[in-house]
Amino acid sequence: MVTEKKPVLTIDPSTLPSHFEAKNVEERWTRQWAEWQLHDYADDKPREETFVIDTPPPTVSGELHMGHIFSYTQTDVIARHQRMRGRDVFYPMGWDDNGLPTERRVQNYFHVRCDPTLPYDPGLSIETISDKEKKERPPRVVSRDNFIELCLRLTREDEETFKALWNRIGLSVDWKQEYSTIDNLCRRLAQFSFIDLYRKGHVYQVESPTIWDVEFQTAIAQAEVEDRPVPGALHHIRFGVEGSDETFTIATTRPELLPACVAVTAHPDDERYQGLFGKRAVSPLFHIPVLIFPSKLVSREKGTGILMICTFGDATDVIWWREQGLPLRQILGLDGRLMPVTFGTDGWESLNPEAANNLYRELSGKNLNAARKAIVAMLRVPPGEGQEPPLVEEPKPLEHAVKFFEKGSRPLEIIPTKQWFVRLLDKIDSLLEAGDRITWHPDFMRLRYRDWTKNLQIDWCISRQRFFGVPFPVWFPVNAEGEPDRTNPIIASPDHLPVDPMTTPPPGFDESQRNQPNGFAAETDVFDTWFTSSLTPQICTQWQLGAGRHQKLFPTDLRPQSHEIIRTWAFYTIVKALLHEDAIPWKHAAISGWILDPDRKKMSKTKDNATTPMPLLEKYGADAVRYWTASARLGVDTAFDQNVFKVGKRLVTKIFNAGKFVLSQTAEQHPITNELDLIFMRMLRELVRRVGESYDRFDYAAALKETESFFWNSFTDAYMEMVKSRARGKDTDEAGRGSAVASLRRALSIFLRLFAPVLPYVTEDVWSWAFAQETGNKSIHRADWPTEAEFADLAEPPNPASFDVAVAFLNTINKGKATAKMATGHPLDLLVVAANNATADKLKGIITDVMSGVRARSYRIEENDGLGDEEFEIIEARFAQDS
RNA sequence: GGCCGGUUAGCUCAGCCAGGCUAGAGCGCCUGUCUUACAAACAGGAUGUCGAAGGUUCGAUUCCUUCACCGGCCACCA
């Protein structure tokens, strides 16, 4: 690595800036880096010297907060290190502008609604209107493509804001590799992905009970479900038995589903209910006769040990429905309201249809909460004179976990609908194995993936009943009766993507045949947004666009992401890589922790405890904020603590000032020969080795900590103090002076480079004063990452351990000065210290520098073997009268 | 219910995988010093039954077991 040296620049100190002005420096270098195209992927190196990052595309509806800054900067530190190691870094940025949040925002902002059946209007002009006008006018109805245009228009503005912030914080992304999940490439690849999976037989459509969100009126996938504790109540309801006076009491939290009751079950060994099995129960109010059967799935301890099965109260109801071939009594509509039904008709058996219909009429059209209240009121009424009401006792309040769509506010329901699925349950072993082929940082995050994968219950539901998203590239033939034949879908050709089947006819058909007998009908569903975002590695590598690029860059090297989306983004990305190419999508997954607010709650926009980054960047500077993010290891949740920003800012100032001092010393090419200089270089070489190893493990936090501590304690506080006067030519010959300056400069150059991934601005600034020209590397961020090879020209010092002795000596004298209430820098006319023979011996070769470090003009060392190693005793310290 | 991570100074965190010098850093606190890189600094000081209890060991913050508390993941949720 040591090549022919270029002339050393001597810097005129008066030309150096007096202060580090973060904002100016940041703006200047951001501009300069862009001009130099410093972060561009060059595609000029073999794969093993290329480093590909599968950057998470942030959702663009809203503001970025500290959590984003945190994780994205951690990735940038890794990217910058890789770049300095000589890798051709592929570091893209995507925008996730596809999905519900954007859809809602665009609807409100432009006051429009989407009708996907409308044809695209290329001349459509939508202007922003005032809130007042929004109230007065109905929303404008636009086609799906026009709607997408509006999404692009609005998200582009957000993206510019995001981009400015990313630049400000110093993300070294290659802006030529920008994509957004709604752009043509992404829609094309998502549709291609579907076609590929369909052809391989991994995709199927089926009408079956599916997790349904009544608020957004769409199916969702298992991965998007979350449990929330909500208050509920256990209702004890008395059922009758057909043809007898017997009764029994079931317990349920969902009395509103009573009209949808299809069976009753208890544990086969439960003695209380032995006599009931095989008989028919009669539900109260609606007098529905239903089978009573035994099932081991029932717990004897819960509730009353006997329960009603409905269409559908929970997932177990679905199991019983399937296994027992129970009837389907769907009372709940897709909008979450009770649909009209007529008891006494086919499938709606009742022993007293008239009574049932009279009661149900009151319920029809009500939402679930209202229906529950109404039913409970009905249950309180005694069925006849002298009879007990079906409600055995007042409902017992309880708090229980209920499933919600993670973006929704109303409980999920299970409703039979027609949906598209990707078959996963038969691939669990392969998926687990793929997860193990990826290196997770930290490793325990792999268990999150394993847990989720092992416990998969349902195939991946990929269809959503929404407008804004990537449409299925699918049509259905319509038969002579005008009914679409869903069993024979027409799949688009991969050569004509992206396609919108709502506005484009399938091959061989004419637009006039849409929804006509013997014509065609379009699939109206769109993909789950994860169906697209699970392709980010393929999007980056432009799969199917140019084979060369994908073949070279896929699988990628690094997927950075946070841990709460392991079961979605990470999981689905692994699914896609496995099913499409039998590959893993990335070699490493770097899982960032969360930012916690002072109450140790996750900082997030929805919780309203998020801090906006701009004021902090203004106050502390980008480097200081980056210092904070780089102080946290991967996978570790971190408290938001402004003290750490302060520390970072202090370090930035220290680097700036140290750089100023070192580069102000008169310099020329000179070998490093002095013993102390060689000792320090030996230590620095050790640091370089360890920091390099940490970075290779993506442990930038350990690297930073170690660099910082060595820089501050050993370099500025000890070494610099000792060589300061020699570097100025005091009490030394030219060889000593030259060695000091050469050593200081080499150390500075190495420290700057070790700090550069974390503190790109201050290091670039100091680098530019002299090293840029000297080394020919105009930017530190393209300079060589320091390695031990840089020290190859240096002789081995005779006494490498004597640095610690020197530091111990400095500490003793400084302590003496502090005790005497004298300034540390106050000179001593005479200093007499005692030390044991071995300790004194270690100082011999560096004694001039050591005495200079404590500003002793003359000195004497007395031998006292009663003292321990590295122990000093001050015999006499004569302070100078001048100062 | 199963699992993962955490519990170290007032605060924020290292150290623990491969056990051993009086257990560390920064912030904060106290004392002193404007010293020609730096007062956005420097020098010095005080502060801990390393969550609890057992065990292994000559020796445990570190390894093992159990427990407690905090956070999370998964499952159950009549």
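Please read these numbers as outputs of a predicted model, since none were measured by experiment. Residue numbering restarts at 1 for every chain, and letters A, B, ... go by the order of the sequence lines.
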Under 3.5 Å, which N/O atoms of the protein pair with N/O atoms of nucleotides 45-48 of chain B?
| from | atom 1 | to | atom 2 | distance (Å) |
| --- | --- | --- | --- | --- |
| B:rG45 | OP1 | A:Lys815 | NZ | 3.1 |

Please tabulate, one pair per line, each protein N/O and nucleotide N/O from nucleotides 29-32 of chain B that are separated by under 3.5 Å, including the distance.
none

**Message:** Once salt bridge (Lys or Arg N to Asp or Glu O under 4.0 Å) is applied, do any residues pair with A:Glu26, and if so which ones, sequence neighbours excluded?
**Reply:**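 Here the qualifying residues are A:Arg168.
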**Item:** Listed partners of A:Arg410 passing salt bridge (Lys or Arg N to Asp or Glu O under 4.0 Å), at least two apart
**Value:**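 A:Arg410 satisfies salt bridge (Lys or Arg N to Asp or Glu O under 4.0 Å) with no residue once adjacent residues are dropped.
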Side chains of residues 248-262 of chain A: which donor-acceptor partners sit under 3.5 Å, not counting sequence neighbours?
| from | atom 1 | to | atom 2 | distance (Å) |
| --- | --- | --- | --- | --- |
| A:Thr252 | OG1 | A:Arg254 | N | 2.9 |
| A:Arg254 | NE | A:Glu256 | OE2 | 3.1 |
| A:Arg254 | NH1 | A:Glu413 | OE1 | 3.0 |
| A:Arg254 | NH2 | A:Glu256 | OE2 | 3.3 |
| A:Arg254 | NH2 | A:Glu413 | OE1 | 3.2 |
| A:Arg254 | NH2 | A:Glu413 | OE2 | 3.0 |
| A:Glu256 | OE1 | A:Arg372 | NE | 2.9 |
| A:Glu256 | OE2 | A:Arg372 | NH2 | 2.8 |

Nucleotides 14-19 of chain B: which of its N/O atoms have a protein N/O under 3.5 Å away?
| from | atom 1 | to | atom 2 | distance (Å) |
| --- | --- | --- | --- | --- |
| B:rA14 | OP1 | A:Arg633 | NE | 3.1 |
| B:rA14 | OP1 | A:Arg633 | NH2 | 2.3 |

**Qualifying side chain to side chain donor-acceptor pair (under 3.5 Å) pairs with a residue from residues 222-233 of chain A, counting only residues at least two apart or across chains** =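 Qualifying pairs: A:Glu224-A:Arg464, A:Glu226-A:Arg228, A:Asp227-A:Lys403.
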**Asked** What pairs of residues pass the salt bridge (charged side-chain N to carboxylate O under 4.0 Å, His left out) test when at least one of them lies in residues 294-323 of chain A, not counting sequence neighbours?
**Response** none
**Request:** Could you identify which residues of residues 313-323 of chain A place a heavy atom less than 4.0 Å from some atom of RNA chain B, listed by residue number, or say none?
**Result:** A:Asp314, A:Thr316
**Item:** Contacts of type side-chain hydrogen bond (donor to acceptor under 3.5 Å, both in side chains), residue A:Asp12, not counting sequence neighbours
**Value:**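 So A:Asp12 forms a side-chain hydrogen bond (donor to acceptor under 3.5 Å, both in side chains) with A:Ser14.
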**Fill in**
The dot-bracket string of RNA chain B, counting Watson-Crick and G-U wobble pairs with both distances under 3.5 Å, using [ ] for crossing pairs and | for pairs to another strand, is ((((((((.[[[[.)....(...]]]].(((((.......))))).....[[[[[..)....]]]]])))))))....
**Message:** With a 3.5 Å cut-off and heavy atoms only, can you find an N or O donor on one side and an acceptor on the other between the side chain of A:Lys646 and the base of B:rC27?
**Reply:**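 Under the 3.5 Å cut-off, the side chain and the base do not form any donor-acceptor pair.
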**Fill in**
Sorted by chain and residue number, the side-chain contact (heavy atoms from CB on, under 4.5 Å) partners of A:Ser295 (sequence neighbours excluded) come out as A:Thr265, A:Phe293, A:Leu297, A:Val298, A:Trp320
